[in-house]
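The structure appears right after this line, and notes come after that.
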Amino acid sequence: MKDFHVVYEDNHIIIVSKRAGILVQGDSTGDRTLTDAVKDYIKAKYDKPGEVFLHPVHRLDRPVSGLVIFARTSKGLERMMELFRKRDIQKTYWAVVRRKPANEKGKLTHWLVKDEKRNVVTAYDTEVQGSQKAELYYKVLGCINKHYLLEVEPISGRPHQIRVQLATMGCPIRGDLKYGYDKPNADGSINLHARRIFFVHPVKKGPIICKAAVPPIPFWEEFLELEPEDIKQKNLGYLHE
């Protein structure tokens, strides 16, 4: 599987869909990153001499697949960061869980504390010292082969937020050993996918809607039939896939 494919691209930003397993930015492993791979793509496509300016506007955890936005200019970076700060970007994730939530849809609110040494986040029902508030909406889209597909829209953007909040609800994501699932996926991924992003382009001012194809794995592809018809048909004139 390729490291990424380009979903949208202009002079200011580039949006790609990454495979599960690749880091967005470097860490202590020294492994090749998505940022490295997209820089190489830009350098080759535009025959750019010297260093390529490229900066991720947000991150996805290593075992997660789907959409990542990069800024190609300092102006693009500043304005995209402002959109995230104001929460003017709508992000939609798909998560596969084995246990059905008690409610078909709802809002989860927790206060999260990250253990930096262990890279694990703990969720609390009330505010504690050093915690950050995390909120998300979820709804059940359906069930296939005894697994439930949840559509999740985070309001805040905290590390491991969706993973730990769903697990705290009693619904750990398939393959996510760190947050309580009982067995790993064969490829080391977890079944969390950044499916859609919507925002108004901060420079061009037009609406941008991007959708990332699910990983080309039969287990994932079976869930495509559960996508609501209104989402399939909505805003097709602006949709990038």
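Here, residue 1 is the first one in the sequence, and each next residue gets the next number.
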Is a side-chain N or O of R79 found less than 3.5 angstrom from the main chain of P202, in a donor-acceptor match?
yes

Per the side-chain hydrogen bond (donor to acceptor under 3.5 Å, both in side chains) rule, which among K133, Q132, Q161 passes with S156?
Q161

Regarding N185 and R174, do their side chains bring together a donor and an acceptor under 3.5 Å, going by distance alone?
yes

Rounded distance [0.5 Å steps], CG in D187 versus OG in S65
9.5 Å

Checking H12 side chain against K204 main chain: does a donor-acceptor pair fall under 3.5 Å?
no

d(H240 NE2, E9 CD) to nearest 0.5 Å is 11.5 Å

Could you give the distance from CZ (R163) to CG (D61), rounded to the nearest 0.5 Å?
4.5 Å

With the threshold set at 4.0 Å, does a side-chain nitrogen-carboxylate oxygen contact exist between E78 and K75?
no

Closest non-hydrogen contact found for Y148 with R99 is CD1-C, 4.1 Å

Which atom names give the shortest non-hydrogen contact between A20 and P63, and what distance separates them?
CB-O, 3.4 Å

Distance in Å, T92 OG1 paired with E153 CD, rounded so as to fall on 0.5 Å steps:
4.0 Å

Name the orientation class of the two ring planes belonging to H147 and F219 (parallel below 30°, tilted from 30 to 60°, perpendicular beyond 60°).
perpendicular

Please say which of I197, L67, I13 ends up in a side chain to side chain contact (heavy atoms under 4.5 Å, CB included) with Y8.
I13

Interatomic distance, CH2@W94 vs CD@E151, rounded to 0.5 Å, equals 8.0 Å

Enter the distance from I173:CD1 to I190:CD1 here, rounded to the nearest 0.5 Å.
5.0 Å

Closer than 3.5 angstrom, by distance alone: can the side chain of H160 be matched with the main-chain N or O of V120 as a donor-acceptor pair?
no

Is a donor on one side and an acceptor on the other found under 3.5 Å between the side chain of K91 and the backbone of V152?
no

Taking side chain to side chain contact (heavy atoms under 4.5 Å, CB included) as the criterion, tell me which of V24, D31, I22, L34 meets it with R62.
D31

Check: H201/D10 side-chain N/O donor and acceptor closer than 3.5 Å
yes

Would you please name every residue forming a salt bridge (charged side-chain N to carboxylate O under 4.0 Å, His left out) with R98, sequence neighbours left out?
D182

Under the 3.5 angstrom rule, does the side chain of D115 hit a backbone N or O of K117 as a donor-acceptor pair?
yes

Polar side-chain atom of K18 near backbone of V64 as donor-acceptor pair, under 3.5 Å
yes

Can you tell whether the side chains of D40 and R32 come within less than 4.0 Å, N to carboxylate O?
yes

Within the distance-only criterion (no hydrogens, no angle test), does the side chain of R195 pair as donor or acceptor with the backbone N or O of K211 below 3.5 angstrom?
no

Who are the side-chain contact (heavy atoms from CB on, under 4.5 Å) partners of K146, not counting sequence neighbours?
none

Using modelled atom types and a 3.5 Å cut-off, is there a donor and acceptor pairing between side-chain atoms of H55 and backbone atoms of T35?
no

Is it the case that more than 12 heavy atoms not belonging to K139 sit under 6.0 Å from its NZ atom?
no

Please set out all donor-acceptor pairs under 3.5 angstrom arising from side-chain atoms of residues 101-111, sequence neighbours excluded.
{"from": "E104", "atom 1": "OE2", "to": "K100", "atom 2": "NZ", "distance (Å)": "2.9"}
{"from": "K107", "atom 1": "NZ", "to": "E135", "atom 2": "OE2", "distance (Å)": "3.0"}
{"from": "H110", "atom 1": "ND1", "to": "Q165", "atom 2": "NE2", "distance (Å)": "2.8"}

Would you find a donor on one side and an acceptor on the other, under 3.5 Å apart, between the side chain of K178 and the backbone of N119?
yes

Flag the pair L54 / I14 as yes when at least one side-chain heavy-atom distance between them is below 4.5 Å, and no otherwise.
yes

